[in-house]
Amino acid sequence: MRYPYQIKSREEYDKIYHKSVEHPLEFWDEIAQHFTWKKKYDSVLEWDFRQAHSKWFSGGKLNITENCLDRHLADKADVPAIIFEPNNPDEHHRVLTYRELHFKVMQFAQVLKNNGIKKGDRVCIYMGMIPELAIATLACARIGAIHSVIFGGFSAQSISDRIQDAEAVAVVTCDGAHRGNKTIELKSVIDDALMSCPTVKSVIVCTHTRTPVSMIKGRDMWWEDEIKKVETQGNPFVAAEEMDSEDELFILYTSGSTGKPKGVVHTTAGYMVWANYTFVNVFQYQPGQIHFCTADIGWITGHSYIVYGPLSAGATTLMFEGIPTWPDAGRFWEIIDKYNVDILYTAPTAIRSLMGFGDEPLKNRNLSSLKVLGTVGEPINEEAWHWYNEKIGKSNSPIVDTWWQTETGGIMISNLAGITPSKPSYATLPLPGIQPLLVDENGKEIQGNGVTGNLCIKFPWPGIIRTTYGDHERCRQTYFSTYDNLYFTGDGCLRDENGFYRITGRVDDVLNVSGHRIGTAEVENAINMHAGVVESAVVGYPHDIKGQGIYAYVIYTGTHGDDNLTRLDIIQTVSRIIGPIAKPDKIQFVSGLPKTRSGKIMRRILRKIAEGELSNIGDTTTLLDPMIVDEIKEGRL
Ligand code: PRX
């Protein structure tokens with residue numbers, strides 16, 4: 001399959017972009033022709049941002065797995081769909097062709113059906129990065145169950161919150177997962193989580209690490225046993241459930257500035273079209289190439305650019321179970337040479353971390369198969385950009401700096417590899433169909449170039465968030481109420497003289513730690529759970545590797561024996577409540593927090609102190625107790 005909608009030149013981009021803005025319905029109608037529909041849609045788009053309402057391809061019937069699997073069987077049955085590189089380089093890798101993946105997805109879809117799981121049911125998937133994770137995800141989509149994949153680094157409490165919110169009826173997990181020299185006991189974490197999740201009736205456990213697990217009678221079953229049952233049934237063909245374009249495909253939880261994580265909902269047709277269109281155009285994927293996205297399927301990047309984007313395009317997607325620094329910091333480079341990877345898509349935090357190991361891990365590495373490099377998740381600093389370009393891309397592979405969000409479903413602003421220009425630390429230009437604009441605090445549009453403002457989008461695109469699970473008003477409030485009739489991204493942004501966009505970071509109370517989104521309120525709630533903690537305030541500060549580190553100011557009245565031990569206890573508490581990714585990097589004990597007379601914490605001041613800008617704190621006269629600022633400054637870590 002070639003991609004007739006793949007943009008081939010800068011001139012074509014300009015022309016297509018123009019058309020996508022002037023005649024969006026016609027434009028998307030043409031793109032949608034390149035997918036398999038069971039029944040054609042009646043209308044391309046109905047929308048009303050004031051109600052947080054967007055419907056794409058209404059009335060259409062389809063199944064995303066027919067687009068990701070069945071339709072490739074005619075000409076790509078023997079093409080590798082998934083290449084799996086295990087954590088341990090001495091273990092054998094696995095290759096699943098489209099035929100094999102199709103078969104395994106149907107088998108597991110039958111397992112789900114045998115366990116009474118049906119269209120519309122929510123299934124939580126908590127697994128390591130093994131092919132069975134992709135299989136389970138696709139099997140849910142096959143039967144119309146809504147998957148909610150949870151990243152393997154989240155704690156039992158976080159999982160339980162997510163399962164309860166989604167009222168999931170089943171969990172698919174593994175005994176354990178390998179990450180470098182560690183084994184994560186996934187099933188054991190699930191067991192803890194399920195103590196407070198009465199909706200879950202079945203747990204399917206895939207054997208992977210051979211970690212001992214407890215299997216609860218009547219609830220837990222082995223993946224392999226269930227597959228055997230299907231085999232004895234004679235491996236039936238599981239027809240792809242007929243889904244409406246707007247039927248929910250998945251929920252993915254993500255952090256916001258307030259309260260608990262919200263379940264971002266994506267639906268079937270629009271998400272599929274968007275994941276596919278952006279994959280084909282941004283990376284300029286050519287049939288036969290190997291695409292290596294290093295994200296975890298527990299995040300949106302994995303959903304869109306390991307699973308749905310590549311597979312819907314009949315591409316070969318490489319799944320890696322391990323981490324970039326084990327057994328040594330040359331692991332990515334070894335994998336690239338081993339499989340002749342064409343496209344590498346990773347995060348700035350990984351690039352910065354690998355850059356820190358110097359040239360040694362690159363010795364004897366060829367890397368000549370690479371044609372396109374990508375980054376995602378956070379702003380990339382120029383130094384890391386140049387290192388990536390020179391050492392990995394040999395100044396010969398365009399870098400796409402892709403800006404997008406869980407809520408956007410796919411890439412929104414990015415250069416197209418080798419087609420539109422790149423600029424270090426700039427995401428550059430919007431994709432066709434994306435109409436960005438910058439606004440000031442009052443929501444007034446900031447026109448012209450060479451300006452900064454808050455980034456909004458003024459027209460829907462097919463991958464836009466549809467709702468937050470179970471609470472549509474929260475979706476409306478969070479994204480569509482800050483500025484009238486606009487989608488607000490929560491990001492600050494600069495538009496340079498050439499109209500290129502550079503994302504400068506969040507303007508709300510959301511941190512971006514190693515490319516992971518973490519709400520300050522969430523971390524504060526977790527810290528406050530620790531006995532002896534009265535109150536806390538969390539801010540981000542620049543961190544060489546992680547991009548942002550977590551700085552916590554804590555009022556502690558428990559027995560103060562050893563500060564360092566107390567810090568470790570607090571860190572342990574956060575790990576338990578949220579997961580290791582949210583652990584504070586610095587904890588400063590304070591006797592009070594800078595608050596206004598109305599009791600609001602002045603985070604701006606705390607941020608400045610954490611950043612080390614002690615002489616530039618700004619106005620403190622509105623504080624209830626201005627003296628506290630001096631104390632905090634003095635105690636800065
Ligand atoms: O602040 C932006 C940052 O990551 C946020 C979205 O996080 P999440 O939903 O977890 O999705 C990450 C993967 C798509 C954005 O609001 N961000 C993402 N990509 C970039 C970025 N910041 C700068 N440059 C990027 N390329």
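Index from 1, following the sequence. Ligands are counted one by one from 1 in listed order, and the atoms in each one are counted from 1 as well. Bear in mind the structure is a predicted one, so any value in this text is a computation, not a measurement.
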Nearest heavy atom to atom 11 (O) of ligand 1, choosing from Val510, Thr406, Thr408, belongs to Thr406
Under 4.0 Å between a Lys/Arg side-chain N and an Asp/Glu carboxylate O for Arg607 and Asp509? yes
Where ligand 1 meets Val376 - atom numbers and elements under 4.0 angstrom, heavy-atom basis: 13 (C), 14 (C)
As an exercise, identify every atom of ligand 1 less than 4.0 angstrom from a heavy atom of Thr402. 19 (N), 20 (C), 25 (C), 26 (N)
Can you find an N/O atom of Thr489 closer than 3.5 Å to an N/O atom of ligand 1? no
For the backbone of Leu370 and the side chain of Ser397, can you confirm whether one donor and one acceptor N or O come within less than 3.5 Å of each other? yes
Tell me whether Arg331 is salt-bridged to Glu321, with the criterion being a basic N under 4.0 Å from an acidic carboxylate O. no
Which of these, Tyr3, Phe292, Tyr345, sits in a ring pair (Phe, Tyr, Trp, His ring centres under 6.0 Å) with Phe283? Tyr345
Any N or O on Thr254 sitting closer than 3.5 Å to an N or O of ligand 1? no
May I ask you to list the atoms of ligand 1 that are less than 4.0 angstrom from any heavy atom of Asn512? 3 (C), 4 (O)
Would you check whether Gly377 reaches within less than 4.0 Å of ligand 1, judged by its heavy atoms? yes
Nearest protein heavy-atom contact for atom 13 (C) of ligand 1: which residue, which atom, what distance? Thr301 OG1, 3.4 Å
Is the closest N or O pair between Thr375 and ligand 1 shorter than 3.5 Å? no
Lys/Arg-Asp/Glu bridge criterion (N-O < 4.0 Å) met for Asp484, Arg50: yes
Which residue supplies the protein heavy atom nearest to atom 7 (O) of ligand 1, what is that atom called, and how far is it? Arg517 CD, 3.2 Å
Shortest reach to atom 16 (O) of ligand 1 by a heavy atom, considering only Ile413, Asp491, Leu252: Asp491
Is a side-chain N or O of Ser20 found less than 3.5 angstrom from the main chain of Gly433, in a donor-acceptor match? yes
Closest non-hydrogen protein atom to atom 6 (C) of ligand 1, residue and atom name please, with distance? Trp404 O, 3.6 Å
Parallel, tilted or perpendicular, as decided by the 30° and 60° cut-offs, for the rings of Tyr5 and Tyr277: parallel
If you measure from each heavy atom of Pro379 to ligand 1, is any distance below 4.0 Å? yes
Note: ligand 1 atoms sitting under 4.0 Å from heavy atoms of Ile503 are 22 (N), 23 (C)
Residue portion contacting ligand 1 (non-hydrogen atoms closer than 4.0 Å) for Gln405: both
Looking at Arg466 and Glu246, is any side-chain nitrogen of the basic one under 4.0 Å from a carboxylate oxygen of the acidic one? yes
CH2 on Trp274 to OG1 on Thr408, rounded to 0.5 Å: 7.5 Å
Salt-bridge present (Arg517, Glu378; N to O < 4.0 Å): no
